[in-house]
Amino acid sequence: MSRYSAAEIEPKWQSTWEEAGVFTATRDESRPKYYVLEMFPYPSGNLHIGHVRNYTMGDVVARYKLATGHAVLHPMGWDAFGLPAENAAQERKVHPGDWTYANIDNMKSQFARLGLSLDWSREFATCDPEYYGQQQAMFIDFLEKGLVYRKNAVVNWDPVDMTVLANEQVEDGKGWRSGAPVERRELTQWFFRISDYSEELLDALDRLDEWPEKVKSMQRNWIGKSRGLQFAFSVIDGPEGHDRVEVYTTRPDTLLGASFIGISPDHPLARQLERDDADLAAFNAECRRMGTSEEEMEKAEKKGFDTGLRVRHPFDTGWELPVYVANFILMDYGTGAIFGCPAHDPRDLEFARKYELPVATVFAPAMGEEGTFILPEDGGPAYVPPKPETVRYIKGFAGDEAQTGDQAINAAIAFCEENGVGHGVTKFRLRDWGLSRQRYWGCPIPVVHCDSCGVVPEKKENLPVELPRDIDFDQPGNPLDRHPTWRDVPCPACGASARRETDTMDTFVDSSWYYARFTSPRAATPTDETDARYWMNVDQYIGGVEHAILHLLYSRFFARAMNECGHLPDTAREPFDALFTQGMVTHEIYQTRDDQGRPVYHFPHEVTNGRLADGTEIEVIPSAKMSKSKRNVVDPVAIIERFGADTARWFVLSDSPPDRDVEWTDAGAEAASKFLGRVWRLAQDVPGAPEQGEGDSDLLREMHRAIHDVTMGIESFGFNTSVARLYAFANTFAKSKAGRAAKMQAMRTMAQLMAPMTPHLAEEIWEMLGGEGLIAQADWPKADEAMLVDDTVTMPIQINGKRRTEIEVPKDMDKTEIESLALATDAVQKALAGGEPKKLIVVPGRIVNVVV
RNA sequence: GCCCGAGUGGCGGAAUGGUAGACGCAGGGGAUUCAAAAUCCCCCGGUGGCAACAUCGUGUCGGUUCGAGUCCGACCUCGGGCACCA
């Protein structure tokens, strides 16, 4: 008997599939189409095990859909622009393009060994001029439609390296390379008007039935629709032009609990006041030294600066409130100014206690529900019940004394509108999408700055605006800015000498439409109408939950914007019909520190028994998402070399549910390999099995159940249960004494059921057992419903909810018969001790519960 | 800090509100073998018991229900996201 050798059979079938063009997607109006897409990878240089998991899952779906008669589109490409290439350029003196394409070559060869059912003829990288040229064309369309504009926005500025830093490059408020404290700097930048679509992006979530609830929930919160009151406090003796401070609040019902006004350090009033107030200027400067991330702002100690200004309460002109500049107020949200109500906001309470401001409770728990309620002014915590909860208003001014927060808010808005104090407004948290990056390795923004014409889009016939090849990273900052010739171009409008925009696009732009480009990757326009119409939408999108908000929201916006510019049909405004977020593969992080105490990370393969090769002991940080920067990644190539691709595929699908994180350990790959060997041997034995056997129908019954269960598993993304089911089927098969014909049928079916997961092994068995054609193109087996049900069923009998015994009954036995059988059992008789049951629950086919 | 998840044997996990622990790993025992590898078979949550069986048990505390891993509330721990990592 020959041994199962993945090294021999896998390349053989991979070339067979390729030669037969099995996975080339072609439009076929006679078949239902199915577009399955996994989030394309960043070409870091090597596949990691997370990729294997992600792409194997997509492959299972793609192969299954092919077997069920669909025209399948399953493409692959590269999310190839981005920071790591520039980091490599600085650290290793390689050109970002060379580095990227070399990585792509390497990863593509690793991909090939996994035997994925990908249509490689559609491959592209986002850094291909052909791709980003089309992106530039769309940018110009967006510009004409008013979907893009320029405004000022702050960035993290490293004053030593003289460069803009990504949030990731800011550590504890300092630049990661220079160690210099980061400053906020304002630059004129390009923005997409995604906020114009807030309402639509929010409403459409309700119709995304095949998206995970958690993702929709995160997007809803991110979009952040709120109803509130916008009104103004009048400033007493304020500086010229600042006699009012506009405030937005979602809790106008707490107006009588107001204790101070807080404005952002970037608020126009704060900027005005700091001109004549050195202390305030210093305070604002300190606030501006913080990084730009919301997380950093929220975690920072809450600080304020009393401007000395006072404002009048809108309900009582004699009531004056102090105006503080506070470091936790975002200029980007609302009006950049708030009123603080310490009794009902933990952050305001912390602030009020720190600066000894008054605390006044507006509402308390409803009558009879006070419990151990302590007034915030008496040292209790801020009282923030859910808005639908009924509370008792102590300092209410609209509506009943007892009402819900929601009712009170509505009543307060109505009251204020009637009395001329502001008006109700709906606001969204979602901000416009800043796409400018002051970097080289991205898609150039195709506009020209002309002294007489202003900002002028490049002519479409001049696209793509290609990145210059001759650049250097010897100095920090954007090489495009200091390139000797690239910037100098004639104005597309007047022909006078002008300057190219040197900002490039956020890489999220690249990944916001690649799914559409895959439908016609070589088209001379961004998309081809016929192809887009046929293939869109993506029927199943698969990727990491870390993309739950930004990438998916941006893509949803982009599809709408593309639709409005005629690049996608109306039906594709919502581009992903179904979404599956697979869990991450996690691994421990191994770290040492450099001479300045900064962390240095090490790959798992560099670590043996907690030490590096030179004997340095490493710190172990608990498992976290695998990431290039933390180096906690595992090389799947080593596993493929040792066991083969099928084993790697089988292993990543088994055990953990696909949507849950899995911690990578070496244990188990061995077991997967053993199992595949076992199936192989079982298949080899089939032709030699005796013609006549016993239990043919039992084996076939089990086969039909396996078909049913494995199919359900695949359709519901429960690949781990499909795998478990196949283990069980293999166990049954191994024990079966059935005759040759039954075994043949069962084994061919097993191969088919395994084919989406272990396609090479499946083809080999299929061929060995005389299957017709390629298993990759064979029709998916169908379960015979009649074979799925048992004639008898085991019913557990509970006494007071605890299982005590069981009875075996015909599956359609009626309730009263089951009742009498159950009551007759020894356990029930003993429990009843001659008495009557208090209650008897019989769920036919499921359970009997006797309450005594 | 805010938003979203997840917690079940030694381990990964299974379980339409209905027998908790399927399947796999590790472990133990056995068969085969001169021996080993490979393979095959059996056992395998804790406690008590020779056993039958009893009892406890799904992060913690409380609730709903005839019945809760599953539903509700509070908390703890871990993970993801927080707009320039991708």
Side-chain angles (χ1 to χ4, degrees), chain A residues 3 39 41-42 44 79 81-84 87 155-156 164-170 194 212-222 224 292-300 302 328 332 346-347 429-439 506-508 511 544-551 553-554 581 583-584 586 622-625 627-629 654-657 659-663 665 667-668 670-672 674-675 677-678 681 718 720-721 723-728 731 734-735 794-798 800-806 837-841 843 845-851:
Chain A
R3 245 176 95 81
M39 291 178 185
Y42 179 80
S44 58
D79 188 13
F81 275 133
L83 266 185
N87 291 334
V155 294
N156 296 308
V164 176
L165 298 177
N167 284 335
E168 179 187 60
Q169 299 172 316
V170 180
I194 187 172
E213 255 338 295
K214 63 174 173 185
V215 173
K216 290 190 278 184
S217 169
M218 281 189 264
Q219 293 214 353
R220 277 188 196 105
N221 290 328
W222 187 261
T292 55
S293 80
E294 187 180 315
E295 182 187 6
E296 198 180 331
M297 296 193 60
E298 288 282 344
K299 279 185 178 163
K302 310 293 176 283
F328 56 88
D332 292 320
R347 196 170 56 184
R429 201 185 79 102
L430 181 63
R431 308 199 295 257
D432 277 335
W433 170 12
L435 68 123
S436 291
R437 296 292 180 271
Q438 294 69 42
R439 304 186 200 292
D506 178 8
T507 56
F508 273 125
S511 56
V545 70
E546 67 270 27
H547 295 293
I549 299 175
L550 294 178
H551 162 63
L553 197 58
Y554 290 159
T581 55
M584 286 169 299
T586 65
S623 264
K625 170 188 171 184
S627 82
K628 294 168 283 287
S629 60
S654 56
D655 292 351
S656 260
D659 58 349
R660 197 124 29 120
D661 289 355
V662 59
E663 178 168 6
T665 59
E670 196 80 48
K674 275 186 195 172
F675 177 72
R678 184 167 181 230
R681 280 192 307 278
N720 57 323
T721 58
V723 166
R725 194 61 186 79
L726 284 161
Y727 270 107
N731 287 340
K735 290 193 178 103
T794 306
M795 287 185 62
I797 297 180
Q798 297 182 332
N800 293 335
K802 284 195 185 287
R803 195 197 79 96
R804 283 294 115 108
T805 185
E806 58 189 32
K838 260 192 213 154
K839 196 164 182 181
L840 189 60
I841 290 110
V843 185
R846 295 240 66 123
I847 204 157
V848 179
N849 190 12
V850 186
V851 184

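In what follows, chains are A, B, ... by sequence order, proteins preceding strands, each numbered from 1.
With P as the reference atom, B:C4 and B:U65 are 29 Å apart, rounded to whole Å. For B:C72 and B:G1, the C1' atoms lie 27 Å apart once the distance is rounded to whole Å. B:G49 and B:U58: their C1' atoms are spaced 26 Å apart (whole Å). With both ends at atom P, the span from B:C25 to B:U16 equals 24 Å, rounded to whole Å. If you take atom P in B:G57 and the same atom in B:G21, they sit 16 Å apart, rounded to whole Å. Annotation: B:C43 and B:C53 have their P atoms spaced 16 Å apart (nearest Å).
Across all strands shown, B:C23 pairs with B:G12; the Watson-Crick or G-U wobble distances both stay below 3.5 Å. B:A54 is paired with B:U47 under the criterion used here, namely a Watson-Crick or G-U wobble arrangement in which both key atom distances are under 3.5 Å. Across all strands shown, B:G62 forms a Watson-Crick or G-U wobble pair, both distances under 3.5 Å, with B:C72. B:G5: Watson-Crick or G-U partner is B:C78, with both key distances under 3.5 Å.
Between A:R725 and A:T794, the one whose closest nucleotide on RNA chain B sits nearer the 5' end is A:T794. Where A:N800 and A:F508 meet RNA chain B, the nucleotide closest to each residue was compared, and A:N800 sits on the side nearer the 5' end.
Glycosidic conformation of B:G73 is anti; the angle lies outside 90° of 0.
Taking only side-chain nitrogens and oxygens, A:N720 never comes nearer than 4.0 Å to OP1 or OP2 of B:C23. In this structure, A:T507 reaches the B:A86 phosphate: one of its side-chain N or O atoms is under 4.0 Å from OP1 or OP2. The side chain of A:R431 contributes no N or O atom lying less than 4.0 Å from OP1 or OP2 of B:A83.
For A:Q438 against B:C84, a side-chain N or O and a base N or O form a donor-acceptor pair under 3.5 Å. Counting distance only, with no hydrogens placed and no angle test, the side-chain atoms of A:R846 and the base atoms of B:U16 include a donor-acceptor pair under 3.5 Å. Not a single donor-acceptor contact under 3.5 angstrom links the side-chain atoms of A:N167 to the base of B:C84.
A donor-acceptor contact closer than 3.5 angstrom links the side chains of A:R678 and A:N731.
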